[in-house]
Amino acid sequence: MTRPENDILAYNQAGIEKKWQDKWQDSGLHTVNDDDERPKWFEMTMWPYTSGDLHIGHWYAMAPSDTHARFKKMQGYNVLHPMGFDAFGLPAENAAIKRGIHPYEWTMSNIENMRRQLRRMGTIYDWDREVVTCKSEYYRWNQWIFLKFLENDLAYQAYAPANWCPTCNTVLANEQVVGGECERCSSEVSQKDLNQWFFRITNYAEELLDQSKIDWPNKINIMQTNWIGKSYGTHVQFDISSLGLGTTKIDTFTTRVDTIYGVTFIVISPEHSLVDQLTISQKKEEVDQYVVNARKQSEIERLSTDKEKTGIFTGSYCVNPLTNEKIPIFVGDYVLSSYGTGIVMGVPAHDERDFKFAKKYDLNIKTVIKADKEAKSNPNVAYTGDGILVNSGPYNGLTSEVAIGKISGYLESKNLGEKSVQYRMRDWLISRQRYWGTPIPIIYCKDCGTVPVPEKDLPVLLPDDAEFKPTGESPLELHEKFVNAECPLCKKPGRRETDTMDTFVDSSWYFLRYSSPKYLEGPFDPIALKKWQSVDQYTGGAEHAVMHLLYARFFIKALRDIGLLEFNEPFLKLFNQGHITHSGSRMSKSRGNVVSPDNYVNKVGADAVRCYLMFLGPWDQGGDWIDTGINGISRWLNRIWYISTRDVKSVDISKVVDEKNLKLNQSINKTLKKVTEDLQNFKFNTAIATLMEFTNNLNDLWKDRQVDQNLWERAIRNLLLMIAPLAPHVAEELWEINGLKFSIHAQDWPTWDPEFIKEHNINLVVQVNGKVRDTILVSAEITEGAAKETAISSKKIELHIKGKEIKKIIYVTGKLVNIVAI
RNA sequence: GCCCAGGUGGCGGAAUGGUAGACGCGGCAGACUUAAAAUCUGCUUCCCGCAAGGGAGUGGGGGUUCGAGUCCCUUCCUGGGCACCA
């Protein structure tokens with residue numbers, strides 16, 4: 001017969017968790033006050049989407065950050081560690097379509113469940129500050145900010161080709177298209193021309209590149225830098241005056257103007273407005289057909305780097321401003337309309353894409369750059385590196401770098417071009433053709449045009465009586481009462497914008513709301529914000545590098561420039577946790593290997609689950625959940641329980657041994673130092689390992705009961721204080737059992753004395769030719785001479801140096817002697 | 001293709017250029033028990049050896065150094081990100 005699982009524990013985990021969670025709640029222990037005089041510490045983990053169930057991945061993100069926040073609190077900070085819910089988004093709407101539940105109900109019942117689960121984790125969230133995006137008290141401020149952006153020319157509407165996901169029935173931002181597929185549902189994304197709202201994030205491209213004010217993982221900084229994609233280049237105008245069009249020049253952008261003597265063709269993107277004019281009448285039919293086909297392709301086909309480079313000759317020519325050569329103009333779909341000028345100069349000898357294009361259409365390939373003077377040109381590949389110019393008239397012999405400067409200078413002087421900087425990043429498309437999001441506060445009027453909803457009319461409420469049909473059409477389109485609205489200017493009937501905002505708008509400023517979650521006069525109370533400012537420490541997954549994290553930085557800079565706040569960055573420090581796997585593979589419902597935290601909390605308690613997640617590996621590297629692994633943590637908490645509930649009075653004072661006291665005192669101080677440093681740096685795994693060693697030490701010392709009673713009690717108090725941020729319930733219960741005052745979590749973090757950490761004796765390592773041959777216990781104060789003497793006179797060492805000549809003896813103070821002997 | 005991380009026992013992992021494998025899991029042996037669970041004690045990188053001891057060892061190859069898991073070069077593998085951006 002097996003005993004019930006709970007009997008593996010020395011204590012009633014369910015009982016003490018409930019007891020303390022209730023007491024913390026009732027006593028207001030975690031209530032955060034704005035007027036607390038201690039220095040503020042604003043620490044957040046990325047909020048969860050309201051999917052309904054808190055899985056182990058959430059725990060992995062939240063438990064360690066809660067531990068860190070608790071640690072900062074004990075260190076004397078007034079800590080704001082809030083929680084909220086990212087509650088708008090497609091899954092709620094899909095659930096409504098599938099199961100007939102209104103998204104609001106679905107979302108709110110999910111939140112209910114998640115709150116319950118979060119409480120069980122034993123976190124210090126102050127629930128009075130909770131933020132939920134699908135409530136009008138939150139999203140009205142999305143609308144308000146939208147109007148501010150509009151006023152300040154940071155929001156605009158444009159009719160443009162947009163990424164369309166046929167499954168989600170909505171457009172997507174560039175950031176949400178991954179390899180031509182929808183980031184959410186992996187459907188192939190196509191292009192669709194729509195009138196869309198954009199935020200001018202590109203206005204901030206340059207400032208977003210400045211990472212000097214943030215302490216973030218290098219990886220994220222690199223990803224953002226690459227995403228913004230700044231490149232220096234030159235606009236070059238090719239003459240088309242002979243064509244007799246309205247315009248006399250076509251504008252190209254190149255980063256390699258040093259290759260301009262090698263231009264043998266021009267390629268214009270199929271979407272470019274000049275295509276029609278450039279196409280001669282005999283070619284019109286062919287070119288039209290090509291353009292139609294290009295637009296039909298999916299993003300995947302269009303963006304595939306392996307795809308054959310195709311194009312078609314327009315029949316027109318332009319003139320190279322430096323060589324005066326006549327250059328044919330092609331339309332080709334490898335040129336993107338949205339980058340640079342949408343027209344490129346083709347230099348097949350020095351660009352792989354141009355090379356492939358030239359090969360396919362049998363165009364001239366002219367070498368103008370050589371790696372060095374002696375280099376032979378290989379006709380089968382493009383040489384894309386820098387080098388020395390050849391066949392380039394007056395620029396022959398110059399290096400690429402010098403030539404770029406001279407040629408662009410020349411072009412500028414002749415008004416034929418100019419130096420220029422381009423960014424890969426595009427403006428942020430925020431329109432979504434969906435119901436479950438923030439309505440964009442705009443009314444279209446036949447007479448007045450596009451009219452913003454006046455501030456006093458906010459919020460534009462999402463109607464709650466919408467009908468969900470599986471057609472994919474937004475319920476707002478069909479909702480007469482919502483759509484029909486009076487024009488705020490002329491009061492004539494108008495039509496409301498039915499698109500809603502990308503949910504990343506919600507998360508771009510939610511942290512500001514935590515400072516004053518109930519404020520009614522604006523998105524945040526300026527006085528409260530002045531106190532809490534930027535988030536000091538943010539934690540979350542790296543997958544948000546170019547979306548959420550970039551958008552939030554943009555928002556703060558934009559709000560700052562509008563005059564609403566006074567700082568520059570949303571998140572001063574960032575820590576990325578890794579991913580948690582289960583027995584080596586990614587957790588997914590289809591694999592059936594999802595770890596349910598609730599089951600483990602029931603079995604071994606929330607503290608054990610928290611600690612195991614922090615122990616199984618370095619937080620930033622992620623880790624693997626192994627079912628047997630948590631037993632080790634559970635045993636450890638048990639040992640702590642036994643150790644700290646022992647009867648100290650059983651120590652017989654007459655038997656106390658000074659040496660043991662010293663050892664214990666040293667152990668306490670060493671442990672404090674290491675644990676403090678590790679918690680500070682998110683090294684939870686080694687912090688716990690150190691605490692395990694400490695408990696092992698305590699167990700050993702208890703065996704012969706030769707330590708001082710007061711010292712023992714101090715050891716126990718320190719142990720409990722150190723585990724308090726990690727295992728808050730067990731620590732609180734044991735604190736009480738030891739007769740100490742509620743609450744352990746309101747105590748100061750203990751400090752250590754370096755004086756007690758010093759070693760009195762050391763194991764002197766003796767090496768011969770770098771190999772360890774002996775270790776000798778000596779005084780820590782041993783002199784160099786004595787150490788060398790001791791080493792040489794060791795019997796074990798004698799064997800290894802016999803008959804050899806001692807060349808050199810290296811001494812590392814207090815550590816080792818290395819005898820070099822041949 | 002380009003840019004980042006990584007590669008250490010059976011497993012998760014630890015190691016300011018100075019005793020590689022802390023801590024934990026698992027395993028083995030023992031104690032307690034009628035028995036098991038739980039708990040406790042000991043052992044547990046590999047090879048040779050009864051032992052003392054010796055040898056090898058941090059993906060591979062090379063280098064710097066008295067001494068390299070750690071620094072440098074090179075190569076392979078794994079994970080992540082980006083990728084027709086002119």
Side-chain angles (χ1 to χ4, degrees), chain A residues 1-5 7-10 178-179 217-223 225-227 229-231 233 252-256 259 267 302-307 309 332-336 338-347 350-354 356-357 422-426 542-543 545-546 578-579 583-584 612 615-618 620-633 635-636 638-639 642 683 685-693 695-696 699 763-775 796 799 807-812 814-821:
Chain A
M1 200 187 88
T2 54
R3 283 160 63 117
E5 304 252 27
D7 284 11
I8 59 173
L9 295 178
V178 176
N218 197 31
K219 184 175 121 180
I220 303 293
N221 288 343
I222 289 169
M223 281 165 77
T225 303
N226 292 342
W227 185 261
K230 182 178 187 175
S231 52
T252 63
F253 174 74
T254 179
T255 54
R256 289 296 302 276
T259 64
V267 189
R302 180 80 187 266
L303 291 177
S304 167
T305 44
D306 319 320
K307 207 191 82 177
K309 305 281 171 275
D333 66 4
Y334 77 93
V335 177
L336 305 175
S338 51
Y339 184 81
T341 61
I343 308 174
V344 301
M345 52 181 229
V347 186
H350 306 294
D351 182 280
E352 273 165 32
R353 298 152 303 184
D354 296 343
K356 284 181 188 159
F357 190 82
Q422 290 291 322
Y423 299 94
R424 210 191 73 119
M425 183 173 64
R426 311 286 148 79
E543 63 274 19
V546 293
H579 290 283
S583 303
Y612 180 54
F615 181 65
L616 50 69
D620 56 343
Q621 278 167 44
D624 192 41
W625 179 283
I626 297 172
D627 291 322
T628 52
I630 196 168
N631 294 341
I633 288 288
R635 284 178 199 145
W636 174 58
N638 269 342
R639 280 201 297 275
Y642 290 126
K683 289 160 127 184
N685 58 329
T686 48
I688 292 175
T690 306
L691 285 164
M692 285 175 168
E693 279 187 80
T695 42
N696 292 345
N699 258 341
N763 270 317
L764 185 71
V765 175
V766 186
Q767 299 181 330
V768 177
N769 295 332
K771 289 195 179 187
V772 179
R773 297 299 182 185
D774 198 7
T775 60
K796 287 183 185 169
L799 282 170
K807 291 274 186 197
K808 199 168 166 188
I809 302 179
I810 313 276
Y811 177 61
V812 181
K815 273 199 182 132
L816 68 73
V817 174
N818 185 15
I819 300 165
V820 186

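Values reported hereafter were calculated over all heavy atoms of this structure, with side chains retained and with hydrogens, waters and symmetry mates removed.
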Starting at atom [atom1] of [X], determine the distance to atom [atom2] of [N], rounded to an integer number of angstrom.
| X | N | atom1 | atom2 | answer |
| --- | --- | --- | --- | --- |
| A/I222 | B/rA83 | CD1 | P | 16 Å |
| A/K815 | B/rU16 | NZ | C1' | 7 Å |
| A/D624 | B/rG6 | CG | P | 19 Å |
| A/K219 | B/rC82 | NZ | C1' | 13 Å |
| A/F615 | B/rC11 | CZ | C1' | 13 Å |
| A/D774 | B/rU19 | CG | P | 15 Å |
| A/I626 | B/rC23 | CD1 | C1' | 15 Å |
| A/R635 | B/rA38 | CZ | C1' | 10 Å |

Just by distance, with hydrogens left out, do [X] and [Y] show a side-chain donor and acceptor under 3.5 Å apart?
| X | Y | result |
| --- | --- | --- |
| A/N638 | A/W636 | no |
| A/D354 | A/Y334 | yes |
| A/T695 | A/Y642 | no |

So which nucleotide from [options] ends up closest to the side chain of [X]?
| X | options | value |
| --- | --- | --- |
| A/V344 | B/rC23, B/rG18, B/rA86 | B/rA86 |
| A/K771 | B/rA86, B/rA56, B/rG18 | B/rA56 |
| A/L816 | B/rA22, B/rA86, B/rG18 | B/rG18 |
| A/V765 | B/rU19, B/rG26, B/rC66 | B/rU19 |
| A/K309 | B/rC84, B/rC66, B/rG26 | B/rC84 |
| A/P618 | B/rG26, B/rC84, B/rA14 | B/rA14 |
| A/T775 | B/rU19, B/rG24, B/rC84 | B/rU19 |
| A/R424 | B/rC23, B/rA86, B/rA83 | B/rA83 |
| A/R773 | B/rA86, B/rU19, B/rG55 | B/rG55 |
| A/N685 | B/rU19, B/rA14, B/rG18 | B/rA14 |

Q. At under 4.0 Å between heavy atoms, what does A/V812 touch on the DNA or RNA strands: base, sugar-phosphate, or nothing?
A.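 Touches a base.
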Q. Using a cut-off of 4.0 Å on non-hydrogen atoms, how would the nucleic acid contact of A/V335 be classed: base, sugar-phosphate, or nothing?
A.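 Answer is base: heavy atoms of A/V335 come under 4.0 Å of a base.
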Q. When the C1' atoms of B/rG49 and B/rA56 are considered, how many whole Å apart are they?
A. 15 Å
**Q.** Phosphate-side-chain proximity, A/T690 and B/rC23, N/O vs OP1/OP2 below 4.0 Å
**A.** no
Q. Can you check whether A/R639 has a side-chain N or O nearer than 4.0 Å to OP1 or OP2 of B/rG24?
A.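 True: A/R639 side-chain N/O within range (under 4.0 Å) of B/rG24 OP1/OP2.
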(Q) So does A/I626 get a backbone contact from the side chain of A/Y612, meaning a donor-acceptor N/O pair under 3.5 Å? (A)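 Yes, because the side chain of A/Y612 sits within donor-acceptor range (under 3.5 Å) of the backbone of A/I626.
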Q. Just by modelled atom types, is the A/L616 backbone N or O under 3.5 Å from a matching donor or acceptor in the A/N685 side chain?
A.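 Not a single qualifying donor-acceptor pair exists.
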Q) Considering heavy-atom distances to RNA chain B, does A/G229 or A/Q767 have its closest nucleotide positioned more toward the 5' end? A) A/Q767
**Q.** Comparing A/Y423 and A/L616 on RNA chain B - which has the more 5′ nearest nucleotide
**A.**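 The residue closer to the strand's 5' end, by nearest nucleotide, is A/L616.
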Q: For B/rG6, measure the glycosidic angle (O4'-C1'-N9-C4 for a purine, O4'-C1'-N1-C2 for a pyrimidine) and name it syn if it falls within 90° of 0, otherwise anti.
A: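 Because its glycosidic torsion lies more than 90° from 0, B/rG6 adopts the anti conformation.
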[N] - base-pair partner by Watson-Crick or wobble geometry, distances under 3.5 Å:
| N | answer |
| --- | --- |
| B/rU65 | none |
| B/rA5 | B/rU78 |
| B/rU19 | none |
| B/rU34 | none |
| B/rC43 | B/rG27 |

Q: State, with a plain yes or no, whether a side-chain heavy atom of A/L764 is found less than 4.5 Å away from one of A/V817.
A: yes
**Q.** Sub-4.5 Å side-chain heavy-atom contact between A/H579 and A/E543
**A.** yes
